[in-house]
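Contents: one structure, followed by commentary.
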Amino acid sequence: MKLDPKTIMFTIIIGNLLMSSGLFLIARVYVGRTMGVSRWSRACVIQAMGWIITGALRGVIPDVVSIVLGQTLILLTLLIYMQVLAEFTGQTIRRRWFILPLLVEAIGLTYYSAVQENLVARIAIISLCACLVMCKSIAVLQDKQQKFGTSHRFTAALYMMCAGFMIFRTGYYFVVQPKLGVLPFEQNLINDVSYVVFYIFAVMLTFGFLLMCNERYITEQNIAVQQREEHHALFTKLSEQVPGVIYQYRQFSDGRSCFPFSSEGMREIYEV
């Protein structure tokens with residue numbers, strides 16, 4: 001049974017919009033304290049717009065506009081993801097990584113859509129530019145100068161999976177040279193598999209980023225607890241050297257009171 005690419009494309013659009021809404025809400029809680037969550041949320045919206053233009057509006061607006069603008073927005077999404085990951089890991093991405101892929105894809109798609117109609121060439125250009133950005137993202141996630149956790153390796157594996165498939169897809173079209181239609185949702189096996197891979201990548205990549213945020217939060221909390229315990233131990237040792245008692249007294253608005261802290265001198269003087 002063949003899959004319906006239109007349905008998968010619609011699922012990708014809805015999935016990105018839902019993920020964007022979820023990230024927007026998450027940005028207001030503890031995970032949102034890590035950098036990049038809000039921008040990742042906006043990137044999901046941009047990706048949904050790209051799929052709407054390149055697929056849902058194909059035939060409604062001029063094909064050149066649909067192809068060039070839609071695919072450029074999808075590539076822009078990958079670039080934003082890459083920038084967020086770089087800042088998340090404390091790295092810097094040069095501006096040329098944003099300008100060159102967008103220019104190459106826009107010019108190439110315009111030429112092979114308006115001047116010389118060639119679907120295989122368009123697929124090759126889209127795959128080349130996307131794989132370039134994905135490989136750079138993998139390098140960011142596997143920086144040898146830093147030690148990253150399992151969530152980083154999981155996210156890098158998703159990039160490898162999608163980049164590898166896009167290279168295979170391009171090679172398949174060049175070698176087999178099947179008869180292709182002009183619509184992106186034409187039903188054939190390679191198209192069906194492509195949309196399934198793109199959907200899995202779009203959903204799981206955001207999940208991987210959330211795992212990275214959660215891992216970062218847990219690590220920071222563990223460090224904060226350890227530092228607090230070390231400071232408490234140091235203060236306790238210092239207070240033992242002071243004659244008399246060092247204590248903290250707290251009174252609540254309802255009349256209750258307590259001593260949150262006291263040095264060992266309290267035991268020696270008051271035997272409590």
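Contact record, Leu141 with Ala156: CD1-N, 3.6 Å, taken as the closest heavy-atom pair. Taking both residues in full, the closest heavy atoms of Glu105 and Ile126 are given as OE2-CA, 3.7 Å, listed atom of the first, atom of the second, then distance. Here the closest non-hydrogen pair linking Ala163 and Cys131 is O-SG, 3.5 Å. Between Leu17 and Ala48, the closest heavy-atom pair is CD2-CB, 3.8 Å. Here the closest heavy-atom approach between residue Leu23 and residue Ser41 is recorded as CB-CB, 3.7 Å. The two residues Gln248 and Pro260 have their closest heavy-atom pair at O-CD, 3.0 Å.
A donor-acceptor contact shorter than 3.5 Å links the side chain of Thr110 to the backbone of Ala106. Gln91 places a side-chain N or O within donor-acceptor distance of the main-chain N or O of Val140, the cut-off being under 3.5 Å. No donor-acceptor pair under 3.5 Å is formed between the side chain of Ser257 and the backbone N or O of Arg250. One N or O on the side chain of Thr89 and one on the backbone of Ala86 form a donor-acceptor pair closer than 3.5 Å. Looking at Asn16, its side chain does come within 3.5 Å of a backbone N or O of Ile12 through a donor-acceptor pair. The backbone N or O of Tyr112 sits less than 3.5 Å from a side-chain atom of Arg122, completing a donor-acceptor pair. No donor-acceptor distance shorter than 3.5 angstrom exists from the side chain of Arg42 to the backbone of Ile80, with no hydrogens or angles considered. The closest donor-acceptor contact from the side chain of Ser66 to the backbone of Ile53 lies under 3.5 Å.
Clustering ILVMFWY residues whenever any of their side-chain heavy atoms sit less than 4.5 angstrom apart, transitively, puts Ile99 in a cluster other than the one holding Val133. No chain of hydrophobic side-chain contacts below 4.5 Å, direct or via other Ile, Leu, Val, Met, Phe, Trp or Tyr residues, connects Met161 to Leu128. Both Phe209 and Met160 sit in one connected hydrophobic cluster of ILVMFWY residues. Membership requires side-chain heavy atoms under 4.5 Å apart, directly or through other members. Tracing side-chain contacts under 4.5 Å through hydrophobic residues (I, L, V, M, F, W, Y), one reaches Phe259 starting from Val245; they form part of the same cluster. Using a 4.5 Å cut-off between side-chain heavy atoms of Ile, Leu, Val, Met, Phe, Trp and Tyr, with links allowed through other members, Val196 and Tyr159 fall into the same hydrophobic cluster.
With rounding to the nearest 0.5 Å, the separation of CD1 in Ile167 from SG in Cys135 is 6.5 Å. Distance CG/Leu78 to CG/Leu73: 11.5 Å, rounded to 0.5 Å. Atom CG of Leu109 is separated from atom CD of Gln71 by 6.5 Å, given to the nearest 0.5 angstrom. Between the CD1 atom of Ile52 and the CZ atom of Phe10 there is a distance of 9.5 Å, given to the nearest 0.5 Å. Rounding to the nearest 0.5 Å places CE of Met82 at 8.5 Å from CG of Leu132. With values rounded to the nearest 0.5 angstrom, Ser113 atom OG is found 3.5 Å from Ile67 atom CD1.
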Next on the checklist: Determine whether Thr54 and Met9 satisfy the following criterion, side-chain contact (heavy atoms from CB on, under 4.5 Å), listing intermediate values before the conclusion.
Outcome noted: CA-CA 10 Å; Thr54 197; Met9 188 180 299; 5.5 Å; no
Next on the checklist: Please determine whether side-chain hydrogen bond (donor to acceptor under 3.5 Å, both in side chains) holds for the pair Tyr81 and Gln47, giving the CA-CA distance in whole Å, both sets of side-chain angles, and the decisive distance to 0.1 Å.
Outcome noted: CA-CA 11 Å; Tyr81 289 164; Gln47 184 174 177; 3.3 Å; yes
Next on the checklist: Run the side-chain contact (heavy atoms from CB on, under 4.5 Å) test on Arg39 and Gln83 for me, step by step, so that the C-alpha distance in whole Å, both residues' side-chain angles and the decisive distance to 0.1 Å come before the verdict.
Outcome noted: CA-CA 10 Å; Arg39 272 187 299 159; Gln83 185 183 40; 3.2 Å; yes
Checklist entry - Can you check side-chain contact (heavy atoms from CB on, under 4.5 Å) on Val225 and Arg228, steps first, answer last? => result CA-CA 5 Å; Val225 170; Arg228 188 163 55 246; 3.4 Å; yes
Next on the checklist: Assess the residue pair Leu69 and Ile61 against the criterion (side-chain contact (heavy atoms from CB on, under 4.5 Å)); give the C-alpha distance rounded to whole Å, side-chain angles, the decisive distance to 0.1 Å, and a yes or no.
Outcome noted: CA-CA 11 Å; Leu69 181 58; Ile61 60 178; over 6 Å; no
Item to check | Ser127 and Arg169: CA distance, side-chain angles, deciding distance, side-chain hydrogen bond (donor to acceptor under 3.5 Å, both in side chains) verdict | outcome: CA-CA 8 Å; Ser127 299; Arg169 181 171 176 250; 4.5 Å; no
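Remark: Phe252 pairs with no residue by the ring pair (Phe, Tyr, Trp, His ring centres under 6.0 Å) rule, at least two apart or across chains.
Looking at heavy atoms from C-beta onward, Leu85 lies in side-chain contact with Trp40 at the 4.5 angstrom threshold. Residues Trp51 and Ile74 form a side-chain contact, since some pair of their non-hydrogen atoms from C-beta on lies under 4.5 Å apart. Contact annotation: the side chain of Phe201 approaches that of Met134 to within less than 4.5 Å [non-hydrogen atoms, C-beta and beyond].
Note: Phe207 and Phe154 have perpendicular aromatic rings, judged against thresholds of 30 and 60 degrees for the angle between ring planes. Ring orientation note: the planes of Phe198 and Tyr195 are nearly perpendicular, at an angle over 60° on the 30°/60° scale.
More than 12 non-hydrogen atoms from other residues, nucleotides or ligands lie less than 6.0 angstrom from CZ of Phe261. Atom CZ of Phe98 is surrounded by more than 12 heavy atoms from other residues, nucleotides or ligands within 6.0 Å.
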